[in-house]
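The basis for the numbers below is simple: all heavy atoms, side chains too, and nothing from hydrogens, waters or symmetry mates. By convention in this document, chain letters (A, B, ...) are assigned in the order of the sequence lines, proteins followed by strands, and residues within each chain are numbered from 1.
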Amino acid sequence: MPELPEVQTVVSDLVDLVKGRKLDFIEILDTKVWFESELEPGHFADKEVLDVTRRGKYIVYHFVDGYLLQHLRMTGVMLPADSDKIPHNLFGEKSPQLRLSLNFDDLRLIFYDVRRFGTFTAILDLDKFFDAKKLAPELYDDFEHAFGWYLHKVVKVGRPIKSVLLDQSIICGPGNIYADESLHAVKIHPLTPASTLGGEQNRILITEVKRIMDDAIAKRGTSASDYLDVNGNPGVFKQYLQVYKRKGELCLSCKLGKIEVIKIGGRTSHFCPHCQILPPN
DNA sequence: TATGGCCTGTAC
DNA sequence: GTACAGGCCATA
């Protein structure tokens, strides 16, 4: 699933591919894809893509007078229309899984999204949008600022730490994979009430969240199911995962526990019952 | 703050 | 056949 490292990989590809180029037009193929927008698709016709950046798990296309935000959600990928990763028969049948296209003079990028949860949002004011979403600060802009924000919020939260790591208003970037991997790396049980973690424990945890995401970015992300970069290639971080999708396998750290799976807030959570002990309350 | 809904392919 | 995958939003 696209989490921060996967989105960052796509953004890096898009910078190489479309930054500085004039967008001819946007074609909406599935009307549901255009979501919460202040502007119409036509607003961006014949305008230059000044930059492509990332904020949280959003892709941000910058134009002279507006922004196009893309969210991949679970299964969204951006691919050239002639990519063999898009099932060929979908074009003839006008599949709603082909959701939108960005058309440049010699390039047509397709937003291919099997489960159709992904969105495009066209807005005028970036800060206003992300303020309204209550999105936490970026670990990648100013770590201390983002950590301070996290700490200020986490001390008031009695929910399990696993749920907190998925809450983009407290810390932005991790999803289910990197949350589980980070908690395992620092030997914290995912059910630990967030407010019971000490300041130093929290610093170690959030430092690890960023370290693992850095690592995953260097490996171009994790392809656990659908994720592909803009060239149609999978990320290779999957082979480095310690707990995610390793249910029943021996813990690679202690080599004693077998990875277990429990549900926390409706999400599967993987952990080693030997390394990650729930503190008594 | 916990839950269901959005979706559809895959695994059982 | 049914359960499940999970990022985010709406709802209670």
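Within the 4.0 angstrom heavy-atom criterion, no nucleotide atom of any strand lies near Phe35(A). Residue Ser225(A) is out of contact with every strand shown, counting any heavy-atom pair closer than 4.0 Å. Nucleic acid contact for Gly266(A): none, since no nucleic acid atom lies under 4.0 Å from a heavy atom of the residue.
A straight line from NZ of Lys245(A) to P of dC12(B) spans 11 Å, rounded to a whole angstrom. A straight line from NZ of Lys133(A) to P of dG7(C) spans 16 Å, rounded to a whole angstrom. Atoms CG (Asp113(A)) and C1' (dC7(B)) sit 9 Å apart, rounded to a whole Å. Look at CG on Asp226(A): it is 13 Å from P on dT8(B), rounded to the nearest Å. Distance, Met74(A) CE to dC8(C) P: 9 Å, rounded to whole Å. If you take NZ of Lys263(A) and C1' of dT3(B), they are 13 Å apart, rounded to a whole angstrom. Taking atom CD of Glu36(A) as the reference point, atom C1' of dG7(C) lies 14 Å away to the nearest angstrom. Atom pair Glu6(A):CD and dA5(C):P shows a separation of 18 Å (rounding to whole Å applied).
Inspection of the His184(A) and Ser253(A) side chains reveals no N or O donor paired with an N or O acceptor under 3.5 Å. Inspection of the Asp215(A) and Tyr240(A) side chains reveals no N or O donor paired with an N or O acceptor under 3.5 Å. A side-chain donor-acceptor contact under 3.5 Å links Tyr140(A) and Asp214(A). For the residue pair Asn103(A)/Arg108(A), the side-chain donor-acceptor check at 3.5 Å is satisfied.
Taking the six-membered ring for Trp and the full ring otherwise, Phe25(A) and Phe44(A) have centroids separated by 6.0 Å or more.
For Asn176(A), taking side-chain heavy atoms from C-beta onward, the closest of the listed nucleotides dG7(C), dC6(B), dT1(B) is dG7(C). The side chain of Lys32(A) lies closest to dC6(B) when the candidates are dC6(B), dG9(B), dT1(B). When distances run from any side-chain atom of Tyr58(A) to the nucleotides dC6(B), dC9(C), dA5(C), the shortest one goes to dC9(C). With dT8(B), dG7(C), dA2(B) as the candidates, the nucleotide lying closest to the side chain of Arg73(A) is dG7(C).
His71(A) has no side-chain polar atom (N or O) that falls below the 4.0 Å cut-off from OP1 or OP2 of dG7(C). Phosphate proximity of dC7(B) to Gln97(A): absent, as no side-chain N or O sits under 4.0 Å from OP1 or OP2. Remark: Lys57(A) is in phosphate contact with dC8(C), judged by side-chain N or O atoms under 4.0 Å from OP1 or OP2.
Distance check on atom P: dC7(B) versus dG1(C) gives 23 Å, rounded to whole Å.
For dG7(C), the base has a donor-acceptor partner in the side chain of Arg267(A) [N/O atoms by modelled type, under 3.5 angstrom]. Arg116(A) contributes no side-chain N or O that forms a donor-acceptor pair with the base of dC7(B) under 3.5 Å.
The 12-atom threshold is not exceeded at CD of Glu40(A), counting heavy atoms of other residues, nucleotides or ligands nearer than 6.0 Å.
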